Amino acid sequence: MQRADATPDLDAWRGTARVLLAANVAPADVSWAAPGSTGVLFADVALVADPAAPRAHVPARFVELAADGVLHREPGAHALLYRLLWRLAHGEHELLADAVDPDVRALALRVGAVRRDVHKMHAFVRFHAVDDDQYVAWYAPDHHILARGVEHFVARFPAMRWAILTPDRSVAWDGAALVFSPGVPRHAAPSPDELEDLWRTYYASTYNPARTNPKLMRQHMPARFWPQLPESSAIPELLARAAPRVEAMLDPAASVPAARSLPVLAAAARGCTACDLCGPATQTVFGEGPEGAALVLVGEQPGDQEDLAGRPFVGPAGQVLDAALRAVGLPRERIYLTNAVKHFRFEPRGKKRIHQRPTASQIRACKPWVAAELETIRPRVIVCLGATAALSLIGSRFRISAERGRWVTTHWADALMVTHHPAAVLRVDEVDRPRYEAELRADLALAAAKLDGL
Amino acid sequence: MEVRTKLRILADAAKYDASCASSGGKRATPTGGLGNATGEGICHSYTPDGRCVSLLKILLTNKCTFDCTYCINRRSSDIERAVFTPAEVVDLTLAMYRRNYIEGLFLSSGVLRDPDYTMELVITVARELRTTHRFGGYIHLKAVAGASAALIAEAGTWCDRLSVNIELPTAADLASLAPEKEVPSIHGSMTTIAEHHADQPRRFAPAGQSTQMIVGATDTTDAAILETATTLYDRFKLRRVYYTAYSPTPRGDARLPVAAPPLGREHRLYEADWLVRHYGFAASELTTPEAPNLDADVDPKLAWALRHRAAFPIDINTADREQLLRIPGLGVRTVDRILATRTQRSIRLADLAALRVPMKRTTPFVITADHNPDAQLIDRLDLRVRVAPPQQLALDFGAARGGQL
């Protein structure tokens, strides 16, 4: 049995393998062991070249594979390579083409692991600025790849002075040459520099919690690399906050209680903070009316007076509505009145609070409340007063000018119609006002007729 | 405003663009300079969504005069706004690059004042990096919608990749959700890039152009999406089309779906795209008029095979490369290994297992040198159930790349 040094280096292996092959030593007769282990090295014994030994003509591809395979940390790489060399030299010239041969496969797996490790080193080395223009990284590769992986950094950072420390060995670049030195343990790693905080900020911000997939992250960036990655300290908190952040995006009013009763809903809505209107507004103005109402009117949002009173349609627009309802014979106390948005949106101007239309996101935030009201009441007829209510319940394709007064069916009721908001009657020109008021009344009359007909 | 605050706002605003690739262009480190592009692309980190972090992907500003419904940065969105100065972006890029955090910069922007004004600012960043700092790392610039051809032509000389987002799969989608963007103008910018790149492939955006399409914001079918993608690949010689599942944004517009992003669908589109670019499939083969959307349960190649059983089983030992690529479960690399191994031995069932072929999915569609009992299954009605992966596997998506199909 010949003993040979299993140095993780192509040239060392190649030198040894050449001598062994020239002496016609069969793979089974060689024992490869880590350098420095005891035993008689083949070099100590005079190996005589055997004239009958085959000349090793190996394909260039084998040398390429061997260069990486020999760096694999698990024992057996050197023996595997020598076995392949022996077979290539003994007539199996096309051996490497046979992807299912056990030796070829074993080498392919080792080469794959080493190349991935080199790639990970290129990716996960993190330099820390230690002083002016000097950068140091500590890194623990899986395999003996430092010399192989460092060329990438020479090509990329030729004008910088840097060093990469690993547990096996270290290397430094001074702008002209690489200098190798012994390895250092993890506690010798450089301390964080000021940029890491910015990097973590970037890492946290570029992540989309709606796509959370920690399994996939770990697959690409296994936890054993995390200690040397400054951004990894942000991961636990990002994951912990992901679910609530997504919930807030998907369903801003996740706080709507499951219990379907108007008093319970009204009480819960008082504490709603699903959008930013809850701050400036005085209070939540919830809907009002009997739970068994056959007709629900949905307005835009409470106005100045509603906000102060805490009840819907009590201001000037409410008076227009009341008049219209009286005119068509609909008693207000039998109707449920509510708004698409439950808080007053305004702009302070001096002592006045000027009404502003709610934004799409505010409408969306409030939608679960309107939906809960409608699901509780299950009215036969719904009338949306104005575009905001239409946007909330039908969507953006609705055009009030073209489709006002027409019946559509919805999830909540068989008959839904959109008409003018009573405030619009007050806002339009003197000239248009009678027409608007007449249209509002005509539409409400249609609703009354619908109720009778259904 | 602190740089850190700007970084938080402007990285957050850029995160809905899926592309973060740094591959495709080689660039040597300039003499006395910093950085190169290796051509292979390196992911320096992965965020908890499993996505690759390769570039510093930020907007110059999220202020925008446009009001595209699907976009979080639209004019009417009530979000925090910030503006980087070009110098701040240059400094951040260099500092992060020197620490090996990134491969380079991916700079996009909201439309500040007008498209040309914004495009000039974006160009300034790239030009400063390349000239003053001799930066050789990867730069991906987003052509600002509506920027003039002259500025797009200049941008291409400083960056590795230049892209214009098509945003939505059809002109009708664009009209309804991004009224200020128009297909002809987007195509115009793509043409400008394609022509300059064809003239000077090494100097002008050497890594080519790409685009992004948002999926699931409208009810457009996968068939229409793949058709648009094919047209873009053919007409503008795009390197990549990125499909991004529409992700609900905080304070989103009420017209958009309020649902988790359709990541499974996005994954299937990437698989289909991969089949068209590397497996010789035509986009039109992957869907049918009756089922214009890709199958959620099985990958598009398997779905195709199930619809074309007469073409199977295929003999692993005699079929040509094109046929082998149509077999479910066989990727390009496996096919190449089979072709090489075939010259040395007849391939048996056990050899396929040794090549790590997903046996359950593949065996009903092949004939091997030994007896393959599964080849009898090809006419069975329950074949689909037998070869379909378990549900939870089908839902475990997120990789924005094609795997083995």
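So that the names make sense, note that chain A is the first sequence line, chain B the second, and so on, each numbered from 1. This structure is a prediction, so every number in the text was calculated from the model and none was measured.
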Problem - Closest approach of A:Leu216 to B:Gly50 (non-hydrogen atoms, all atoms of both residues) - result: CD2-O, 3.7 Å
Practice task
Evaluate the side-chain proximity of A:His122 to B:Thr38: yes if any heavy-atom separation is below 4.5 Å, no if none is.
Solution key: no
Exercise for the section: Please round to the nearest 0.5 Å and tell me the distance separating atom NZ of B:Lys6 and atom CG of A:Leu198. Expected result: 12.5 Å
Completion exercise
If one checks every heavy atom of A:Thr206 against chain B at 4.5 Å, the contacting part turns out to be both
Completion exercise
Given B:Gly137, B:Ala350, B:Ala37, B:Ala95, the one with more heavy-atom pairs under 4.5 angstrom with chain A than any other is B:Ala95
Handout entry: Interface moiety of A:Leu238 toward chain B, non-hydrogen atoms closer than 4.5 Å
Key = side chain
Exercise for the section: Check each atom of A:Glu92 against the heavy atoms of chain B and say whether the ones under 4.5 Å are side chain, backbone, both or neither. Expected result: neither
Handout entry: B:Asn100 (side chain) donor-acceptor with A:Val125 (main chain) under 3.5 angstrom
Key = yes
Practice task
Quick one: which of A:Tyr203, A:Phe225, A:Trp199, A:Trp162 has the most heavy-atom pairs under 4.5 Å with chain B, could you say?
Solution key: A:Trp199
Handout entry: Top contributor to chain B interface from A:Val104, A:Leu95, A:Leu109 [non-hydrogen pairs under 4.5 Å]
Key = A:Leu109
Practice task
Enter the distance from A:Met221:CE to B:Cys52:SG here, rounded to the nearest 0.5 Å.
Solution key: 11.0 Å
Practice task
Could you tell me whether B:Arg99 and A:Glu231 have a side-chain N and a carboxylate O separated by less than 4.0 Å?
Solution key: no
Exercise for the section: Looking only at non-hydrogen atoms, find the nearest pair between A:Ala99 and B:Thr341 and report the distance. Expected result: N-OG1, 2.8 Å
Problem - Segment of A:Phe153 engaging chain B (4.5 angstrom heavy-atom cut-off) - result: side chain
Problem - Check ion pair A:Arg211-B:Glu266 (N to O, under 4.0 angstrom) - result: yes
Handout entry: Contacting region of B:Ile58 [heavy-atom separation from chain A under 4.5 Å]
Key = side chain
Problem - Which portion of B:Ala353 sits near chain A, non-hydrogen atoms under 4.5 angstrom - result: neither
Exercise for the section: Would you name the heavy atoms of A:Met160 and B:Arg98 that are closest together and state the gap between them? Expected result: CE-O, 3.4 Å
Practice task
Rounded to the nearest 0.5 Å, what's the gap from CG on B:Leu92 to OH on A:Tyr202? Could you check?
Solution key: 10.5 Å
Practice task
Step through the shown structure and confirm whether more than 12 heavy atoms of other residues, nucleotides or ligands are within 6.0 Å of CZ on A:Arg115.
Solution key: yes
Practice task
Decide if atom CG of A:Asp131 counts as having more than 12 heavy atoms of other residues, nucleotides or ligands within a radius under 6.0 Å.
Solution key: yes
Fill in the blank from the handout: Turns out that what part of B:Ala14 lies under 4.5 Å from chain A's heavy atoms comes down to neither
Completion exercise
Here the gap from A:Asp98 atom CG to B:Arg342 atom CZ, rounded to the nearest 0.5 Å, amounts to 13.5 Å
Completion exercise
If one checks every heavy atom of A:Asp193 against chain B at 4.5 Å, the contacting part turns out to be side chain
Practice task
Would you give the length of the straight line joining atom CZ of A:Arg126 to atom CE of B:Met96, rounded to the nearest 0.5 angstrom?
Solution key: 11.0 Å
Exercise for the section: Count the heavy-atom pairs under 4.5 Å between each of B:Leu56, B:Leu352, B:Val3, B:Ile9 and chain A, then report the option with the highest count. Expected result: B:Leu56
Exercise for the section: Only one of B:Arg345, B:Arg348, B:Arg337 passes side-chain contact (heavy atoms from CB on, under 4.5 Å) with A:Val100; say which it is. Expected result: B:Arg345
Exercise for the section: Go through B:Pro48, B:Ala11, B:Ala245 and name the one with the most non-hydrogen pairs under 4.5 angstrom from chain A. Expected result: B:Pro48
Problem - Distance (rounded to the nearest 0.5 Å) between B:Ser45 OG and A:His220 NE2 - result: 11.5 Å
Exercise for the section: Specify the closest pair of heavy atoms between B:Gly32 and A:Ala159, including all atoms of both residues, with the distance to one decimal. Expected result: O-CB, 4.2 Å
Practice task
Report yes or no: does B:Asp49 contribute a side-chain atom to a donor-acceptor pair with the main-chain N or O of A:Asn208 at less than 3.5 Å?
Solution key: yes
Practice task
Among the options A:Asp197, A:Thr359, A:Leu195, A:Ile235, pick out the one with the most heavy-atom pairs lying under 4.5 Å from chain B.
Solution key: A:Leu195
Handout entry: Minimum heavy-atom distance A:Pro209-B:Lys15, with the two atoms named
Key = CD-NZ, 3.9 Å
Completion exercise
In short, B:Gln344 meets A:Ala97 closest at the heavy-atom pair CG-CB, 4.0 Å
Exercise for the section: Decide if the gap between the ring center of A:Phe124 and the ring center of B:Tyr101 is smaller than 6.0 angstrom. Expected result: no
Problem - Distance-only polar pair, side chains of B:Tyr97 and A:Arg156, donor-acceptor under 3.5 Å - result: yes
